[in-house]
Amino acid sequence: MHVEGGCYCGAVRYRADGEPIMKAQCHCRECQYITGGSPNVFMIMPAAGFAITQGETKPFRRRDLANPVTREFCPNCGTHLLTRSPNLPDAVILKVGTMDDPSQFGGPQMAIFCIDKQSFHRIPEGIPAFERFPG
Ligand SMILES: [Zn+2]
Ligand SMILES: [Zn+2]
């Protein structure tokens, strides 16, 4: 799969080549801040095929957590483009809404961190839902 995308203002652009490692929606409380309240829909792609092709992201990492993820934002418009996790060093977690063609995503394979799910969150029928990260 070849994916291109970028932020809301167009300053940051990326490409991602390779097979998706995981497609999911995350209901965790942290993602709710970033999405506006809904689950965070993401696609994990191999880091080897990923590159920022224009501009630069601004990374943010929480200092109060032992093993925090790094969330990368456009410094100009604030769009959250991707996350890097210390548990997935060879991958990038792309936010589907930043893809030029979000329909490439197809749909989530699972719902994760449903322990934080709100009553107004919807999980598509027929996919597994996990309390936390599976495995
Ligand atoms: Zn931007
Ligand atoms: Zn989350």
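All of these numbers come straight from a predicted model, not from anything done at the bench. Order of listing sets the numbers, starting from 1, for every ligand and every atom in it. Just so you know, these numbers use all the heavy atoms, side chains as well, and skip hydrogens, waters and symmetry mates.
Relative orientation of the His121 and His27 rings is tilted, given thresholds of 30° and 60° on the angle between their planes.
Within the 2.8 Å limit, Cys26 places at least one N, O or S atom next to the Zn ion (ligand 2).
For the pair Arg29 and Tyr33, the cation sits on the ring face: its NZ or CZ lies under 6.0 Å from the ring centre, inside 45° of the axis.
Using a 4.5 Å cut-off on side-chain heavy atoms (C-beta onward), Lys58 and Glu72 make no contact.
In this structure, SG of Cys77 and SG of Cys74 enclose an angle of 110° at the Zn ion (ligand 1), rounded to 10°. With the Zn ion (ligand 1) as vertex, Cys9 SG and Cys7 SG subtend 110°, rounded to 10°.
Looking at every heavy atom in both residues, Pro39 comes nearest to Thr35 through O-CG2, 3.6 Å.
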